[in-house]
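Computed from a predicted model, the values in this text were never measured in an experiment. Proteins come first, then strands; the chains are lettered A, B, ... in the order of their sequence lines, and each starts at number 1. What you see below is based on every heavy atom in this structure, not just the backbone, and it leaves out hydrogens, waters and symmetry mates.
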Protein chains: 2
Amino acid sequence: MKKDTNNATSTTVYEVARVAGVSPATVSRFLNGTAKISDEKRASIEKVIEQLNYKPNVLAQSLKMGSSRTIGVLTQSLVSGYFNEAMTGIDEAMKDAGYVPLIMTGHWHASEEAERVELLIARRVDGLVILTGNMSDAQILQYSNRVPIVAFGRKLEGKQAFGFCLDNYQAACDAVDYLIEQGHRRIAFIEGPPEQEDARARLAGYRDTLARHNIEVNPKLIVPGDFLESGGLLAVNQLLETGQRFSAIFAGNDLTAYGARLALYRRNIRVPEDVSIIGFDDLHSSMCTTPPLTTVRQPLFDVGTCIGQIMLKMINHEKFTVDIPALSLVVRESVRRIG
Amino acid sequence: MKKDTNNATSTTVYEVARVAGVSPATVSRFLNGTAKISDEKRASIEKVIEQLNYKPNVLAQSLKMGSSRTIGVLTQSLVSGYFNEAMTGIDEAMKDAGYVPLIMTGHWHASEEAERVELLIARRVDGLVILTGNMSDAQILQYSNRVPIVAFGRKLEGKQAFGFCLDNYQAACDAVDYLIEQGHRRIAFIEGPPEQEDARARLAGYRDTLARHNIEVNPKLIVPGDFLESGGLLAVNQLLETGQRFSAIFAGNDLTAYGARLALYRRNIRVPEDVSIIGFDDLHSSMCTTPPLTTVRQPLFDVGTCIGQIMLKMINHEKFTVDIPALSLVVRESVRRIG
DNA sequence: TTGAAAGCGATACCAC
DNA sequence: GTGGTATCGCTTTCAA
């Protein structure tokens, strides 16, 4: 065997045992508190571990125990404030239980996602978290035969799988309700990518709420976007260039709202004096836009801890109940009352 | 041994070997292309692997090979756009070489950082990248005896360690030069946390450049910040409340600039008509603020790939030369020419 | 080409 | 309480 000789060979239980004059088994017992050890040997082992600066090889432990104390997280982008807030929550929840997240990126591409999941499984993660993405539910259910999975952004139920969404539809309804309360009737909507369930739910909420208020849904006021700033910018340009009239914009998400806001700025259209904007997500920076953005808060950190807790229960074969965090409207300054 | 019985026991080389009617050694050779195998056995193995859906246990491989094909990344915050852009670059650079990043968070806390590094080493990462943080150089050099390290945000040179910074000082000079070129004389500066080298370098650049232009450095115009929006907001409030006069603000970083901009907005002070703002970092969202922020671009993605490449060379004991990415001023719309 | 067997570093069963 | 040792799943000599 040709071992990489990069680093000094680290000490092993055997080494410690030899120096301390005990058996490897005893050292192991000391490490894990698996059994009583005479004070004498305990002291000796303690000392040797200290002086040899011994650290157990987690790889070996994992192999032996059949558990890597690692949970795989499939995210879609490392730079998304949206995903990363959830990630932080997951990390927080798993940390105390001694699990570390192994993060991989799917880039919203089903085949890449599948590839990463395989990689994660090959590394023997004890559990798998899937943050949205484009794989089919069936595929995920399939994977859940090999490893417990909790998914976010899709409803899922299986022997070793659980997935949940936030109620985007209801939140979108609330947002539009709010706009209407503030006197708005001509409300434009900038869509997200139609293949994302969240985007569809938000659109549906928009449509239904207008209808419920007997406001005609004008298809010209619904423009495509991509959940990115550029999409928001383009969308507003399109709205303006085709001469639509509107007093408020419901942006598919905050990034879209940023782009929309910039497009307005470019044409000297004031927010909220001339046009109101409402977003969706409540990214951290939405607190500090000018004006601060009124938006729907996604409690992603809570989602993360929620995911972590479910994961833990699942790994330990414990029953769990889920308390899905609620979306809420956060009213800041980008919407003005009119009429 | 009490193995976790969570999942169906996965197939092993032995199983494959048995079914295929060959020895485990041959299966291994097939997997790694380590030796020539007769077409007959090759076909047989291929078939069995397929039908058993066999995947090698990476843990076992790692243990045996003494390499986990994992590199540890110590970051400071999972939600920082700044760090995550670098992370993406690292991921990109390491991916093709078959390495996956294991990410842990230090939260700018030396003791927590050390703890995470120990954890990473215990998991036998083949290399370690440290993104800034508050550990001492000495401590890092110490760790580099156990694992090759490349650090960002500090200069470092060692047998198995390398660290580099971007030239924050020069970039800060350029930024202030630009402001002065545009006619500004009364330029306020919002500091970052003084324990961060970058923050100190930016302040020094500010001071020196003013001095070079024979502009008196007014200590009242230098206000503390924390590299966060809140700090920028508070700083501008302080500036305004103590009645300072200034035509431009050099914010320690973009987040600070966002806060500063909001503070101005609150008092109906226009940007850039009344006050100009320049930031530092060029976070993604700075493109879409109103007005789009003039700032110093940190090529963090390139930094990431650079780190990745160095890491790879280091792991393979190859010589490497470093081409440190350059900072650059990106002129957008938050600075106005005056006077 | 191929197989037998040793060993990576830890744990846990079985005996004493 | 403690030690010997088989074992986790894989790779790689060494022999054939």
Side-chain angles (χ1 to χ4, degrees), chain A residues 1-45 48-49 52-69 121-124 126, chain B residues 1-45 48-49 52-69 121-124 126:
Chain A
M1 182 194 59
K2 178 116 147 290
K3 261 193 86 157
D4 193 328
T5 55
N6 228 337
N7 308 298
T9 323
S10 20
T11 37
T12 71
V13 259
Y14 286 90
E15 181 70 359
V16 174
R18 196 179 54 72
V19 179
V22 301
S23 80
T26 304
V27 177
S28 173
R29 288 191 267 255
F30 167 82
L31 256 21
N32 305 295
T34 322
K36 281 213 155 58
I37 304 173
S38 69
D39 288 348
E40 186 191 11
K41 309 217 168 200
R42 159 178 305 270
S44 159
I45 294 174
V48 175
I49 285 185
L52 262 43
N53 189 25
Y54 166 78
K55 312 275 172 179
N57 182 327
V58 178
L59 255 28
Q61 288 179 320
S62 300
L63 175 59
K64 181 62 182 167
M65 308 289 284
S67 152
S68 60
R69 303 244 102 190
I121 294 180
R123 288 192 175 248
R124 294 307 192 265
D126 295 334
Chain B
M1 187 193 58
K2 178 115 148 293
K3 261 194 85 155
D4 193 328
T5 54
N6 227 339
N7 308 296
T9 323
S10 20
T11 36
T12 71
V13 260
Y14 284 89
E15 181 70 2
V16 174
R18 197 180 54 73
V19 179
V22 300
S23 80
T26 305
V27 177
S28 172
R29 288 191 265 256
F30 167 83
L31 255 22
N32 304 295
T34 322
K36 283 215 151 59
I37 303 172
S38 69
D39 288 348
E40 184 193 12
K41 308 215 168 201
R42 158 178 307 272
S44 158
I45 293 174
V48 175
I49 285 184
L52 261 44
N53 189 27
Y54 166 76
K55 313 275 172 180
N57 182 328
V58 178
L59 255 28
Q61 288 180 319
S62 300
L63 177 59
K64 182 64 184 167
M65 310 287 283
S67 151
S68 61
R69 303 246 103 189
I121 294 180
R123 286 190 177 250
R124 295 306 192 264
D126 295 334

Inset, instruction - Scan A:Y54 against the nucleic acid and name what it touches under 4.0 Å (heavy atoms): base, sugar-phosphate only, or nothing. - result: sugar-phosphate
Inset, instruction - Look at all strands and tell whether B:T12 reaches a base, only sugar-phosphate, or nothing, counting heavy atoms closer than 4.0 Å. - result: sugar-phosphate
Provide the closest heavy-atom pair for [X] versus [Y] in the form atom of the first, atom of the second, distance.
X	Y	value
B:T12	B:Y54	C-CE1, 3.6 Å
A:S23	A:A17	C-CB, 3.6 Å
A:R69	B:R123	O-NH2, 2.9 Å
A:S68	A:D126	N-OD1, 3.1 Å
B:Q61	B:P56	NE2-CB, 3.6 Å
B:I49	B:V16	CG1-CG1, 3.9 Å

Please give, in whole Å, the distance from [N] [atom2] to [X] [atom1]?
X	N	atom1	atom2	result
A:K55	C:dA10	NZ	P	13 Å
B:L31	D:dG9	CG	P	15 Å
B:M65	D:dT13	CE	P	10 Å
B:F30	D:dT12	CZ	P	16 Å
A:R29	C:dA10	CZ	P	16 Å
A:L63	D:dT11	CG	P	12 Å

Inset, instruction - Would you state whether a donor and an acceptor, one from the side chain of B:K64 and one from the base of C:dG7, lie under 3.5 Å apart? - result: yes
Legend entry - Check: B:R124 side chain, C:dG9 base, donor-acceptor under 3.5 Å: no
Legend entry - Pairwise distance OG(A:S10) to NZ(A:K55) - rounded to 0.5 angstrom: 11.5 Å
List the atom pairs, donor and acceptor, that lie under 3.5 Å between side-chain atoms in residues 32-41 of chain A and the rest of the protein, sequence neighbours left out.
from: A:N32; atom 1: ND2; to: A:S28; atom 2: O; distance (Å): 2.8
from: A:N32; atom 1: ND2; to: A:S28; atom 2: OG; distance (Å): 3.4
from: A:S38; atom 1: OG; to: A:K41; atom 2: N; distance (Å): 3.4

Inset, instruction - Going by the side-chain contact (heavy atoms from CB on, under 4.5 Å) test, name the single residue among A:L63, A:L59, A:N57 that passes it with B:S62. - result: A:L59
Examine [N]: is either OP1 or OP2 under 4.0 Å from a nitrogen or oxygen in the side chain of [X]? Give yes or no.
X	N	answer
A:Q61	C:dG9	no
A:T26	D:dG3	yes
A:N32	C:dT11	yes

Legend entry - Residues from residues 38-45 of chain A lying under 4.0 Å of DNA chain C - heavy atoms: none
Legend entry - Contact list for DNA chain C against residues 15-25 of chain A - heavy-atom distance below 4.0 Å: A:A25
Legend entry - Proximal nucleotide (of C:dA10, D:dC10, D:dT2) relative to the A:Y14 side chain: C:dA10
Inset, instruction - From the options D:dT2, C:dG3, C:dT1, select the nucleotide whose nearest atom is closest to the side chain of A:I37. - result: D:dT2
Inset, instruction - Start with the C-alpha gap between A:T11 and A:N53, add the side-chain angles, then the distance that decides, and say whether side chain to side chain contact (heavy atoms under 4.5 Å, CB included) holds. - result: CA-CA 8 Å; A:T11 37; A:N53 189 25; over 6 Å; no
